[in-house]
Amino acid sequence: MKQTLTEILLQALRRAKDKGELKLETQPTITLDTPKDKNHGDLATTMALAMAKAEGKPPRKVAETILANIQDEEGIIAKTEIAGPGFINFFLKQDRWRKTLFDIDDQGHEFGFKDIGKGEKVQVEFVSANPTGPLHVGHGRGAAVGDALANLLAAVGYDVQREFYINDAGRQVKLLARSVYSRYRQMHGKDEPFPEDGYHGTYINEISASASTSASVGLEYIDRSFEESERAFAEYSKDQMLADIKKDLEDFGVRFDVWFSEKSLLADGSVKKSIEELKERGFAYEQDGALWLKSTAFGDDKDRVIIKKDGEYTYLATDIAYHRNKLARGFSQLVNIWGADHHGYIPRVQAVIQAFGHPKDSLHVILIQLVAILRHGQPVPMSKRAGTFVTLRDVVADVGADAARYIFLTRKTDSHLDFDLDIAKEQSRENPVYYVQYAHARISSIFRETESRGIKIPARETVQIDLLDLEEEQNLIKALARFPEMIEEAALAYEPHRLTFYLQDLAGTLHNYYYKHRVIDAENPAKTGARLFLMKQIRIVIQSALKILGVAAPEKM
RNA sequence: GCGCCCGUAGCUCAGCUGGAUAGAGCGUUGGCCUCCGAAGCCAAAGGUCCCGCGUUCGAAUCGCGGCGGGCGCACCA
């Protein structure tokens, strides 16, 4: 709809220029917005205001010229007007809007899913939690956003891969092993101090206990030193944690295509190789006995250490190899979803990307602000080390995966999120997710009713959509017509939260209609048919949007 | 000290690639079930869009400077 009108406007400009009525030294961009106020038309443009200065004419004059040159061959425009300082408002013919219903009927769940990506490969890396403890709510937010974003990008034609990067090589895993080892020894009556920085959660005890009966650890290490035991405990503990993490994510409805091991980069020599390549490219140098990345060449505050004086790699070293590996896999766009506390790391990694000869913006980092958990109105202090944190599993058990996902997605990622457990639990029926799901269930309920009465939803060949002439019906149709552009904008902006707001708006429009008018009118089969046809298309769009968010569309609640 | 994010209704937040009278949910007040699902609808009250200056025909939106809150500034990961 918007596209058609944009075409018409472009032609009008061309015509005005040919006739010498407009100078058009620079091609103006055509912006069309849906006005907040319905009295301002279905679509409005401010282009005349923007062009006024360059044309040297008052905006209203420019608007008049544009309008005078419009040729509406298809006949979609019902009325135009120039308002205020020079807005051009377009009122479109109702039957044109109604055709949207046929589009949805034809395309089904493909409706609104343009092929912007053209099959380009895109990777979304998210969660990537250290396998040293259970996932907490912050990870849940990242998981919800990452998964929805991946769905969204797939919906607009990208070939999307979901990846989880496993930090299984560093000190954290060693500390995990050490913690489990200590509890294990204590469990078997040995006098073993617990490491000062060890992980304190009860899950450590559980792993220690299960390790004792496992095939790979068993009772063999009760009297062995940590040095002798480390490998077995590290492997066992990490595997247990990863299995847990995978389970939590699956229960949350999130699945990854690739689980990428940091350790594998060390094992197969790619860390060494990547560093060599950086040296060859002139972006790594030695100083003070350490090896540095020349990240200042790309705008970082200072250069960063890759290999420490003692010969150990820093975290950056494996990240260099990891991002080189990603780039080599042929993605046109890399999206990393990180906790906001890692924001200082962005210039470094973007420097790496550029050092390997790729444009800076081939990596897009989305920062997720931290989630504060409130219980009884008070913030719950969270520390992984101290073992006090609210796990994703707890939240899912409390409020359900759908509500949790939806809450995570009703805020843009830049915003801090207060997740009040009591409200999410006690007022769960007030939760926005139910409002949207209820709309879906309501339509489904109507269909159950018509089915029991033997009323059929008409096919598009027989339906009389011109009977949909109520204002509330127009509102619904226009909301549906907005879906494709909303999807496109959300995808290009990497902002899945826009879908939740769209859905709430659509659901509200439906609830309003439902209350005011009855879909089934036994006296008027033709009108009933048209309304059922409308309901059918609304249901399709709700389903599509909820599916992208990863939230269920229940037929009954 | 430097950097990033946030500051919009009592609360939690949308709106921010500049547009017309700033929105939603919750909460408050009042109304709506003989009728397809009341997990719903309608209405009312509620605002210095943190402050100041600037750019602009036009600023919640852009720029600069403050203030307040969060986070980060390692040869940790």
Side-chain angles (χ1 to χ4, degrees), chain A residues 29 31 33 35-37 39-40 44-46 49-50 52-53 58-59 83-87 89 130 132 167 169-173 175 197 262 288-292 301-302 304-316 318-319 339-347 367 369-370 372 374 377 407 410-420 423 427-439 441-450 452-453 455 489 492-493 497-498 500-501 504-505 507-508 510-522 528 531-532 535 556-557:
Chain A
T29 48
T31 54
D33 297 300
K36 279 176 280 190
D37 188 336
N39 297 319
H40 296 143
T45 178
T46 59
L49 291 160
K53 185 165 268 186
F87 298 103
N89 297 336
N130 286 340
T132 54
N167 298 114
R171 181 182 289 184
Q172 307 294 336
V173 169
L175 191 57
D197 300 334
E262 178 186 14
D288 304 333
L291 186 76
W292 298 72
D301 296 341
K302 51 188 222 175
R304 308 291 174 172
V305 172
I306 303 170
I307 302 177
K308 295 188 273 182
K309 220 180 325 192
D310 63 8
E312 292 277 310
Y313 289 125
T314 63
Y315 185 75
L316 180 61
T318 44
D319 249 0
D341 52 342
H342 288 77
H343 74 257
Y345 207 74
I346 296 175
L367 294 176
Q369 290 294 333
L370 299 179
L374 304 179
I407 288 172
T410 46
R411 278 134 179 82
K412 63 180 179 207
T413 57
D414 289 335
S415 291
H416 296 252
L417 170 57
D418 283 346
F419 199 116
D420 191 317
I423 288 179
Q427 304 188 342
S428 63
R429 31 176 48 209
E430 309 289 342
N431 192 303
V433 69
Y434 292 99
Y435 185 78
V436 172
Q437 288 182 324
Y438 186 61
R442 231 175 188 176
I443 295 174
S444 303
S445 167
I446 295 171
F447 291 157
R448 280 193 297 273
E449 178 68 20
T450 51
S452 74
R453 295 199 207 174
I455 303 170
E489 288 166 6
L492 295 178
H497 77 271
R498 295 191 192 197
T500 60
F501 288 90
Q504 268 151 249
D505 185 66
L510 175 77
H511 289 315
N512 175 281
Y513 174 66
Y514 184 89
Y515 178 77
K516 288 184 183 163
H517 309 284
R518 298 188 63 76
V519 173
I520 303 169
D521 180 354
T528 301
R531 290 180 172 181
L532 286 174
M535 290 300 127
K556 285 182 182 172
M557 294 170 69

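Residue numbers start from 1 in every chain, and the chains themselves are labelled A, B, ... in the order their sequence lines are given, proteins ahead of strands. Basis for what follows: all heavy atoms, side chains included, without hydrogens, waters or symmetry-related copies.
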Nearest-Å distance, [atom1] ([X]) to [atom2] ([N])?
X: A:Arg304; N: B:G72; atom1: CZ; atom2: C1'; result: 11 Å
X: A:Arg411; N: B:G70; atom1: CZ; atom2: P; result: 19 Å
X: A:Ile346; N: B:C71; atom1: CD1; atom2: C1'; result: 12 Å
X: A:Asn512; N: B:A38; atom1: CG; atom2: C1'; result: 15 Å
X: A:Tyr514; N: B:C41; atom1: OH; atom2: P; result: 12 Å

[atom1]-based separation of [M] from [N] [nearest Å]:
N: B:C53; M: B:G19; atom1: P; result: 22 Å
N: B:C16; M: B:C33; atom1: C1'; result: 42 Å
N: B:C51; M: B:U61; atom1: P; result: 10 Å

### Task
Ignoring hydrogens and angles, answer whether the base of B:G72 and the side-chain atoms of A:His342 contain a donor-acceptor pair closer than 3.5 Å.
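In this structure, the two groups form no donor-acceptor pair.
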[X] side-chain proximity, nearest of [options]:
X: A:Lys36; options: B:A20, B:G37, B:A77; answer: B:A20
X: A:Trp292; options: B:C13, B:G15, B:C75; answer: B:C75
X: A:Tyr435; options: B:G19, B:C41, B:A77; answer: B:C41
X: A:Tyr345; options: B:A77, B:G37, B:A14; answer: B:A77

### Query
Please walk me through it: do A:Thr318 and A:Glu262 pass side chain to side chain donor-acceptor pair (under 3.5 Å)?
CA-CA 7 Å; A:Thr318 44; A:Glu262 178 186 14; 2.8 Å; yes
### Task
Would you kindly compare A:Asp341 and A:Thr314 by the position of their nearest RNA chain B nucleotide and give the one closer to the 5′ end?
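The residue closer to the strand's 5' end, by nearest nucleotide, is A:Asp341.
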### Query
Between A:Ile446 and A:Asn89, which is nearer to the 5' end of RNA chain B once each is assigned its nearest nucleotide?
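The residue mapped nearer the 5' terminus is A:Asn89.
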### Query
When you check the phosphate oxygens OP1 and OP2 of B:G37, does a side-chain N or O of A:Ser445 lie under 4.0 Å from one of them?
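Yes.
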### Task
Answer yes if the side chains of A:His416 and A:Arg411 hold a donor-acceptor pair under 3.5 Å, and no otherwise.
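No, no side-chain donor-acceptor pair sits under 3.5 Å.
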### Task
Return the orientation label for the A:Tyr513 and A:His517 ring planes: parallel under 30°, perpendicular over 60°, tilted otherwise.
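Aromatic pair A:Tyr513/A:His517 classed tilted.
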### Task
Give one of base, sugar-phosphate or nothing for A:Ala52, where a contact means two heavy atoms less than 4.0 Å apart.
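A:Ala52: no heavy atom of the nucleic acid under 4.0 Å.
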### Query
If you measure from the ring centre of A:Tyr515 to the centre of the six-membered ring in the base of B:G40, is it under 5.5 Å, with the planes under 30° apart?
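No; centroid distance or tilt outside limits.
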